[in-house]
Number of protein chains: 2
Amino acid sequence: MTGNTPDGPTAPSLDAGSRRSSPATLEDVARAAGVSLATASRSLNGSSRTVNAAYRSKVLDAAARLNYSPNLSAQAVARGSTMTVALVVADITDPYFSSIAAGVVAEADQGRLIVTMAATERDSERELEIVRTLRGQRPKVIILAGSRREGDPSEEALRRELEDYERAGGRVVLISRNELGFRTVQIDNASGAADLATALVGLGYRRFSVLTGNRELKTAADRLDGFTSGLERAGIRVEADRVVQSAFTRDGGYEGMRSLIAAGVQADEVVFAVNDVMAVGALSALRDAGLTPGADVAVAGFDDIPTVQDVWPTLTTVNVPLVEVGRAALRLALEETDASVSADSDASTAPGSPVATSVVVRDSTPRRA
Amino acid sequence: MTGNTPDGPTAPSLDAGSRRSSPATLEDVARAAGVSLATASRSLNGSSRTVNAAYRSKVLDAAARLNYSPNLSAQAVARGSTMTVALVVADITDPYFSSIAAGVVAEADQGRLIVTMAATERDSERELEIVRTLRGQRPKVIILAGSRREGDPSEEALRRELEDYERAGGRVVLISRNELGFRTVQIDNASGAADLATALVGLGYRRFSVLTGNRELKTAADRLDGFTSGLERAGIRVEADRVVQSAFTRDGGYEGMRSLIAAGVQADEVVFAVNDVMAVGALSALRDAGLTPGADVAVAGFDDIPTVQDVWPTLTTVNVPLVEVGRAALRLALEETDASVSADSDASTAPGSPVATSVVVRDSTPRRA
DNA sequence: CTGTTAGCGCCTTCAG
DNA sequence: CTGAAGGCGCTAACAG
C-alpha cells in the first residue's frame with residue numbers, strides 16, 4: 001500500500017514526509033527558483049521595484065509548487081508594522097457589537113487586514129488592561145466600541161495609553177464616543193432620539209417613561225437627552241421619576257421595566273428604552289406582569305438590531321446602520337495614512353459627519369385614537 | 001498657551017518627544033538596566049532559566065519605566081510559533097456564532113492567546129480561501145465553526161489544506177462536524193432532536209412539519225434525522241411533503257414557513273425548525289399570515305439562543321451551551337500539546353463526548369388538551 | 001547565573 | 001535589474 005510506485009502525474013508533490021513538515025520559507029522558494037532571496041521577495045510581495053518577467057514567473061511557480069505562504073510575523077518584524085486591526089467590544093453576544101464586528105471584519109478583508117478581537121465584558125478596568133496588552137500586537141489600528149463611561153477613574157490612563165499608541169504610529173478609532181479626542185465614528189444619538197420623540201408625539205402619545213443605562217454611559221445619556229429635548233419641543237416633560245436607570249443589557253431592561261410597572265404604568269404611555277436589547281427585555285417584563293405590550297403600554301427602542309422585527313409586537317425603534325458603522329470605523333482609521341498635510345492639529349480629531357439614524361415605526365407603538 | 005513652563009510633578013514623564021516615538025525594545029530595556037539582552041529577555045518572559053533577583057528587578061524596573069511591551073511578532077519569529085488562534089465562522093451577526101465566538105475569546109484570554117476572526121458568509125469557497133490565507137498567520141490553532149456542507153466540491157481541498165496545517169504543527173478543531181477527521185466538538189444534535197420529538201409527543205402533538213436547512217449541512221441533517229427517528233419511536237411519521245428545505249437563516253425560516261402555510265397548516269401540528277433563527281423567522285411568517293403561533297400552530301427550534309426568551313410566544317427549543325462550546329473548542333485544541341503518545345492514529349481524531357443538549361419547553365408548544 | 005552570538009523569516013538599502 | 005549583506009526585535013544555544 002505504501003509502496004512508492006510513482007503514481008503518474010496525479011501525485012504532484014513527491015510523496016512528502018508526513019512528519020512535521022514546516023512551511024516553506026522564502027529562501028526555499030528562492031533556491032527552488034534559482035534566484036536570490038531579494039528577487040524572490042520582490043516578486044512575491046507588492047514591491048515598488050520591478051522584476052524581470054522571466055524571473056518573476058519562475059519565482060511564482062516555485063512559490064506555488066512549494067505552497068509558499070509568507071510568514072506575516074516575519075514580515076511585520078522586517079517592515080516594522082503589522083496588518084492587524086484590533087477590535088475591542090463590550091460583549092460579543094450583544095447584537096449591537098456583533099453587527100459592528102461584522103462590519104469591521106467585512107471591511108478588513110477587502111484590504112488583507114487581519115482583525116483580532118477582545119471583549120471587555122463591560123468592565124472599564126478590563127478595557128484598559130486589554131488595550132495595554134494590545135500593544136504587544138503592534139496593531140495598525142485599534143477600534144474601541146462601547147463600554148466607556150464618563151468620569152471613569154481609568155479614563156485618564158486609557159487616554160494616555162491610546163495617545164502613546166498613536167504617537168507610535170497607530171490609529172485609534174472610537175465608536176460613538178469622542179470624549180477622549182480621537183477619531184470617532186459618531187452616531188447621531190441625540191437627534192435620532194429627538195426624531196423618535198417627535199414621531200411618538202405625532203402618533204398621539206403624551207406620557208413618557210424612559211429606561212436608560214448608567215447615566216455616565218455617553219450613548220445612554222445622549223439618547224436620553226435627545227429624547228427629552230425632542231419632547232420639550234412639543235411642550236412635553238417627562239417626570240423625573242419616570243426615568244429609571246439600569247444595566248445597558250436585556251436584563252437591565254427587564255428589571256427597569258419591572259420597577260416602572262411597580263411604580264404604576266399608565267395605559268396611554270410609551271416607554272422608551274435607550275437601546276433595543278433593553279426594550280426587548282422590557283417587552284418580556286410587561287408580558288410577565290400580565291400586560292400586553294403595544295396595547296397596554298407602548299414601547300420603543302434604539303438601534304434596530306435584527307431581532308426586533310421578530311419580537312411581538314415588532315419594535316418601534318431608531319435605525320442605526322451598525323454594520324456600516326463598523327466598516328466606517330475601519331475606513332476612518334485607514335484614511336490619509338500619513339497625516340502629513342493636516343491643516344491644524346485638530347483636523348485629525350474631526351469626527352466627520354455622524355452616521356444618520358432614522359425612525360422606524362412598528363407595532364409596539366400603535367397610533368393612539 | 002503652548003509655553004513649556006514645567007508643570008510640576010503633574011507631568012510624570014520628562015516631556016517626551018511628541019513626534020513618532022517608537023516603542024521601547026528589549027535592547028532599550030537591557031541598556032537602561034545595565035544588563036545584557038539575554039538577561040533582560042530571561043527576566044521578562046517566563047523563561048525556565050532563573051536569574052539573579054537583583055538583576056531581575058532592575059530589568060523589571062527599567063521595563064516599567066520605559067513602558068516596554070514585547071513585540072509579539074518578533075517573539076513569534078524567534079520562537080517559531082505564535083500565540084494566535086484563528087476563528088472562522090459563517091456569520092458573526094448570527095447569535096449561534098457570536099455565542100461560540102464569545103466562548104473562544106473568553107477562553108483565549110485566560111491563556112494570553114490572541115484570537116483573530118474571519119467570516120465565510122456561508123460560502124465554502126470563501127471558507128477555503130480564508131483557511132489558505134490564514135496560513136500566513138501561522139496560528140497555533142484554527143477553529144472552524146459551521147458553514148461546511150457534505151459533498152462540497154472544495155471539501156477535499158479544505159481537508160488537504162488543514163492536514164498540511166496540522167502537519168506543520170497546528171491544531172484544528174471543528175465545531176459540530178467531524179466528516180473531515182479532525183478534532184471536533186460534537187454537539188449531540190441527533191439525540192437532542194430526538195428528545196425534543198419525544199417531549200412534543202408527550203405534550204400531545206401528533207402531526208409534525210419540519211423546516212430544515214440544506215440537507216448537505218451536517219448539522220441540519222442530523223437534527224432532522226434525530227427528530228424523525230424520535231418520532232418513529234412513538235410510531236409517528238412525518239410526511240415527506242411536510243419537510244421543507246430553505247436557507248439556514250432567519251429569512252430561510254420565514255420563507256420555509258410561508259411555503260408550509262401555502263401548502264396548508266393543520267391546527268394541531270407543530271413545526272420544528274432545525275435552528276432557532278429559522279424558528280424565529282417562522283414565528284414572524286405565521287404572524288404575517290394572520291395566524292397565532294402557539295395557538296394556531298406550535299413551533300419549536302434548536303440552540304436556545306438568547307433571543308428566544310423574548311419572542312412571543314417564547315420558544316420551545318433544545319438548549320446547546322454555545323458559549324461553552326466555544327471554550328471547549330479552544331481547550332480541545334490546546335490539550336496534550338505534543339501528540340507523542342497517541343495509541344493509534346485515530347486517537348487524535350476521537351471526538352470526545354459530545355456536549356449535552358437539553359429540551360426546554362416554553363410557550364410556543366402549549367400542551368394539547 | 002550572565003553575556004556573546006547565532007539565528008528566526010523577511011525586507012531593503014547598497015553595490016554591481 | 002539583480003544579488004549580497006545588514007537589520008528588524010527577540011530567543012536560545014553556547015561558552016564563560
Requested in this report: Sequence neighbours left out, what passes side chain to side chain contact (heavy atoms under 4.5 Å, CB included) with A/Ala40? Give chain and number order.
Outcome: A/Leu26, A/Ala30, A/Val35, A/Val59
**Report entry** Residues which pass side chain to side chain contact (heavy atoms under 4.5 Å, CB included) with B/Ala38, listed by chain and number, not counting sequence neighbours
**Finding:** B/Ser36, B/Arg42
Query raised in the report: CG of A/Asn45 versus C1' of C/dG9: gap in Å, rounded?
Result: 13 Å
Please enumerate all protein N or O atoms sitting under 3.5 Å from an N or O of nucleotides 4-8 of chain D, with distances to 0.1 Å.
from  : atom 1 : to      : atom 2 : distance (Å)
D/dC8 : O2     : A/Val77 : O      : 3.4
D/dC8 : O2     : A/Ala78 : N      : 3.3

**Report entry** Any B/Thr39 side-chain N or O less than 4.0 Å from OP1/OP2 of C/dT2
**Finding:** no
Query raised in the report: Under 4.0 Å between a side-chain N or O of A/Gln75 and OP1 or OP2 of C/dC10?
Result: no
Query raised in the report: With sequence neighbours excluded, what pairs up with A/Asp61 under the salt bridge (charged side-chain N to carboxylate O under 4.0 Å, His left out) test?
Result: none
Query raised in the report: What residue pairs, at least two apart or across chains, pass salt bridge (Lys or Arg N to Asp or Glu O under 4.0 Å) with a residue in residues 62-91 of chain B?
Result: B/Asp91-B/Arg122
Report task. Can you tell me the distance, in whole Å, between the CG atom of B/Leu26 and the P atom of C/dC8? Result -> 19 Å
Query raised in the report: Roughly how many Å is it from CG in B/Leu44 to C1' in D/dG9, rounded to a whole number?
Result: 13 Å
Requested in this report: Could you list the residues that satisfy side-chain hydrogen bond (donor to acceptor under 3.5 Å, both in side chains) with B/Arg160, not counting sequence neighbours?
Outcome: none
Query raised in the report: Separation of B/Arg31 atom CZ from D/dG9 atom P, in whole Å?
Result: 11 Å
Query raised in the report: If we fit an axis to the first five pairs and another to the last five of the helix from C/dC1-D/dG16 to C/dG16-D/dC1, what angle do they make, to the nearest 10°?
Result: 40°
Report task. Can you tell me the distance, in whole Å, between the CG atom of A/Asn52 and the P atom of D/dT2? Result -> 5 Å
Only pairs under 3.5 Å count here: list side-chain donor-acceptor contacts from residues 134-142 of chain A, not counting sequence neighbours, and write none if there are none.
from     : atom 1 : to       : atom 2 : distance (Å)
A/Arg135 : NH1    : B/Asn67  : O      : 3.0
A/Arg135 : NH1    : B/Asn67  : OD1    : 3.0
A/Arg135 : NH2    : B/Asn67  : O      : 3.0
A/Gln137 : OE1    : A/Thr116 : OG1    : 3.1
A/Arg138 : NH1    : A/Arg135 : O      : 2.6
A/Arg138 : NH1    : B/Ser69  : O      : 3.4
A/Arg138 : NH2    : B/Ser69  : O      : 2.7

Query raised in the report: Considering residues at least two apart in sequence or located in another chain, which fulfil the side chain to side chain contact (heavy atoms under 4.5 Å, CB included) criterion with B/Glu121?
Result: B/Ala119
Query - Nearest-Å distance for atom pair OH/C1', residues A/Tyr55 and D/dG3 - result: 10 Å
Query raised in the report: Please give, in whole Å, the distance from C/dC8 P to A/Asp28 CG?
Result: 11 Å
Query raised in the report: Would you call B/Arg132-B/Glu129 a salt bridge at under 4.0 Å N-O?
Result: no
Query raised in the report: D/dG9 C1' sits how many Å from B/Asn71 CG, rounded?
Result: 6 Å
Report task. Run the salt-bridge test on A/Glu163 and A/Arg159 with the 4.0 Å N-O cut-off and return the result as yes or no. Result -> yes
